Amino acid sequence: MLMQEIILKKRNGQVLATEEINFFVSGYTSGAIPDYQASALLMAIWFSQMDERETADLTRAITDSGEIIDLSAIEGVKIDKHSTGGVADTTTLITAPLVAACGGQVAKISGRGLGHTGGTVDKLESIPGLNMALTMNDFVRVVSDCGVAIVSQSPNLVPADKRLYALRDVTGTVDNVALISSSIMSKKLASGADAIVLDVKYGSGAFMQSLEEARKLAAMMAAIGERAGKPTTVLITDMNQPLGRAVGNALEVEEAIRVLRGETGGDLLTVALALAAEMLVAARLAEDLNEAEARLQAALDAGGGLRRLQCMIELLGGDPRIGDDPSLLPRAAETVPIRAAATGYVSCIDTAGIGHAAQLLGAGRATKDDAIDPAVGLKMQVRLGDSVEEGEELGRLFINRRENFERAADMVRECVAVADQPPPMSPLIHDRIRSGGG
Ligand code: URA
Ligand code: CA
């Protein structure tokens, strides 16, 4: 088989055979196929798309490039949750322990921040002492003891995704249905869970900017789950503004803890509860979404979610007292307010831009080898539709170095449009899609 023929075929809009997809994935993983040929094929896929069968084959080939975790030692339905990437989105840190508090077994492999979006691994690693690089035996033990384990991807898990992702990140080929679906679903299939709940984000802070593309992505991932025999539920949720208020690693952990302590809520809690309810139903721990939501609310009120999170933090080597006293998290040296330049209503928020501003302060990486500062970031004060007066605080930067902070403040100000009229409000949860069409 010749790689250049596979590239030509896809460039010309043809459907690739299973063997051709396997040849590409195994050859690229082993190093036999160079980056320039892989880049060309990725770009051809970006333009020509892949159908469901091709995407399922790509997913399977990526899954099989490394080890597949065996969670059979854990009793009950093991359930996993994943988001396509957003800003101020700590739903994992809220849903996973709440589901555990309701009897669920949550076994989750998380990623690092990507572009303007945050990653759960970076967030949790802002907790002093915490280490997410567990052996598989330890992963199983934490799930068994706490009902929830969130760990980072080991080098042995989906190595093909790791290589392809890094290449996509620098070749303009991230935002494609087949490529995102196969990247996410390969990790889900390799991580051994029985049922999968996905959060597909759409809007100014998501990789999928249009609702139509988000629906295609959701349908594709549900279809791949179905083909793999893993019941998959997808919610399409709004990312036209930061979901929570905090953007930055320790700041986001603090916000998630405050949600679990019942001190704050808002859209972040609404989406977290909706995802958690789907997880309970998928795990057959609740008959329907109403029962699931009632049980989750009771767990939240009783502090059960917080205790599960603290259990996991302790077993991962972190300081569980941050759950009682979030001020033990790393703190930035200085805060700087960002003020509105005009009076009116917040009509639009460039959410990716907000993510980039936090990244610029050191909360995310500009290149893959950059170190991040766990303490820095920003907090948004306003949400879409809020009325603001000139000079009112839109948000606040949390900084450790004065470098770049003025640019970051300008970026945030430019990301928040103020107009005479409030914008039309779109629903927070747009749609729900289940594998098998249920
Ligand atoms: N998250 C992933 O893991 N992969 C993608 O392609 C996009 C988001
Ligand atoms: Ca106001």
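Values in this document were obtained by computation on a predicted structure and should not be read as measured data. Side-chain atoms are counted along with the backbone in the values below, which use heavy atoms only and exclude waters and symmetry mates.
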Side chains of [X] and [Y]: closer than 4.5 Å at any heavy-atom pair?
{"X": "Arg308", "Y": "Leu260", "value": "no"}
{"X": "Met312", "Y": "Leu124", "value": "yes"}
{"X": "Met50", "Y": "Ile21", "value": "yes"}
{"X": "Gln310", "Y": "Asp324", "value": "yes"}
{"X": "Thr90", "Y": "Leu268", "value": "yes"}
{"X": "Thr117", "Y": "Phe207", "value": "yes"}
{"X": "Ser183", "Y": "Leu164", "value": "no"}

Q: Could you go through the side chain to side chain donor-acceptor pair (under 3.5 Å) check for Asn137 and Thr135 one step at a time?
A: CA-CA 5 Å; Asn137 284 343; Thr135 64; 5.4 Å; no
Q | Candidate pair Ser210 and Tyr202, rule side-chain contact (heavy atoms from CB on, under 4.5 Å), full reasoning | A | CA-CA 6 Å; Ser210 82; Tyr202 116 89; 5.5 Å; no
Q) Can you list the steps and then say if Arg163 with Asp35 is a salt bridge (Lys or Arg N to Asp or Glu O under 4.0 Å)? A) CA-CA 9 Å; Arg163 295 206 62 194; Asp35 281 348; 3.8 Å; yes
Any side-chain donor-acceptor pair under 3.5 Å between [X] and [Y]?
{"X": "Thr232", "Y": "Ser435", "result": "no"}
{"X": "Arg396", "Y": "Thr335", "result": "yes"}
{"X": "His82", "Y": "Lys188", "result": "yes"}
{"X": "Asn176", "Y": "Gln49", "result": "yes"}
{"X": "Thr92", "Y": "Lys81", "result": "yes"}
{"X": "Ser327", "Y": "Asp325", "result": "yes"}
{"X": "Asp238", "Y": "Ser426", "result": "yes"}
{"X": "Thr18", "Y": "Asp57", "result": "yes"}
{"X": "Asn249", "Y": "Asp122", "result": "no"}

Please report the shortest heavy-atom distance between [X] and [Y], naming the atom on each side.
{"X": "Glu213", "Y": "Val177", "value": "OE1-CG2, 3.9 Å"}
{"X": "Thr264", "Y": "Glu255", "value": "CG2-O, 4.2 Å"}
{"X": "Ala246", "Y": "Glu252", "value": "O-CG, 3.2 Å"}
{"X": "Ile150", "Y": "Ala96", "value": "CD1-CB, 4.3 Å"}
{"X": "Ala272", "Y": "Thr95", "value": "O-CG2, 2.7 Å"}
{"X": "Leu243", "Y": "Ala88", "value": "CB-O, 3.5 Å"}

Closer than 3.5 angstrom, by distance alone: can the side chain of [X] be matched with the main-chain N or O of [Y] as a donor-acceptor pair?
{"X": "Ser48", "Y": "Ile45", "value": "no"}
{"X": "Arg168", "Y": "Val174", "value": "yes"}
{"X": "Asn400", "Y": "Ala333", "value": "yes"}
{"X": "Lys78", "Y": "Ile74", "value": "yes"}
{"X": "Trp46", "Y": "Asp175", "value": "yes"}
{"X": "His116", "Y": "Val87", "value": "no"}
{"X": "Ser181", "Y": "Ala178", "value": "no"}
{"X": "Thr173", "Y": "Leu42", "value": "no"}
{"X": "Thr120", "Y": "Ser110", "value": "no"}
{"X": "Arg307", "Y": "Ala101", "value": "no"}

Q) How about Glu75: does its CD atom have over 12 heavy atoms from other parts shown lying under 6.0 Å from it? A)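 Check fails, neighbour count at 12 or below.
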Q: Check whether more than 12 heavy atoms from other residues, nucleotides or ligands sit under 6.0 Å from atom CD of Glu314, and answer yes or no.
A: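 Not more than 12 within 6.0 Å, no.
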Q. side-chain contact (heavy atoms from CB on, under 4.5 Å) between Gln381 and Leu394: does it pass, once the steps are laid out?
A. CA-CA 5 Å; Gln381 199 62 48; Leu394 296 176; 5.7 Å; no
Q) Can you tell which of Thr270, Val99, Leu235 makes a side chain to side chain contact (heavy atoms under 4.5 Å, CB included) with Leu275? A)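 The single option meeting the side chain to side chain contact (heavy atoms under 4.5 Å, CB included) with Leu275 is Leu235.
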(Q) When you measure from the centre of the six-membered ring of Phe398, is the NZ or CZ of Arg331 closer than 6.0 Å and no more than 45° off the axis? (A)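 No - Arg331 does not lie over the ring of Phe398 by the 6.0 Å and 45° rule.
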Q) How long is the span from the CG atom in Leu189 to the CD1 atom in Ile69, to the nearest 0.5 Å? A) 12.0 Å
Q) So Ser83 and Leu198, side-chain contact (heavy atoms from CB on, under 4.5 Å) or not? Walk me through it. A) CA-CA 6 Å; Ser83 144; Leu198 300 170; over 6 Å; no
What I want to find out is whether [X] reaches [Y] closely enough, with some N-O distance under 4.0 Å, to be called a salt bridge.
{"X": "Arg432", "Y": "Glu278", "result": "yes"}
{"X": "Asp267", "Y": "Arg383", "result": "yes"}
{"X": "Glu20", "Y": "Lys9", "result": "yes"}
{"X": "Lys187", "Y": "Asp80", "result": "no"}
{"X": "Lys10", "Y": "Glu54", "result": "yes"}

Q: Given side chain to side chain donor-acceptor pair (under 3.5 Å), test Ser204 with Thr351 step by step and report yes or no.
A: CA-CA 5 Å; Ser204 67; Thr351 309; 2.8 Å; yes
Q: Dump the intermediate steps for side-chain contact (heavy atoms from CB on, under 4.5 Å) on Ile94 and Leu273, then the final yes or no.
A: CA-CA 8 Å; Ile94 300 164; Leu273 286 176; over 6 Å; no
Q. Would Thr237 and Asp199 count as a side chain to side chain donor-acceptor pair (under 3.5 Å) if you check the C-alpha gap in whole Å, the side-chain angles of each, and the deciding distance to 0.1 Å?
A. CA-CA 7 Å; Thr237 69; Asp199 181 8; 2.6 Å; yes
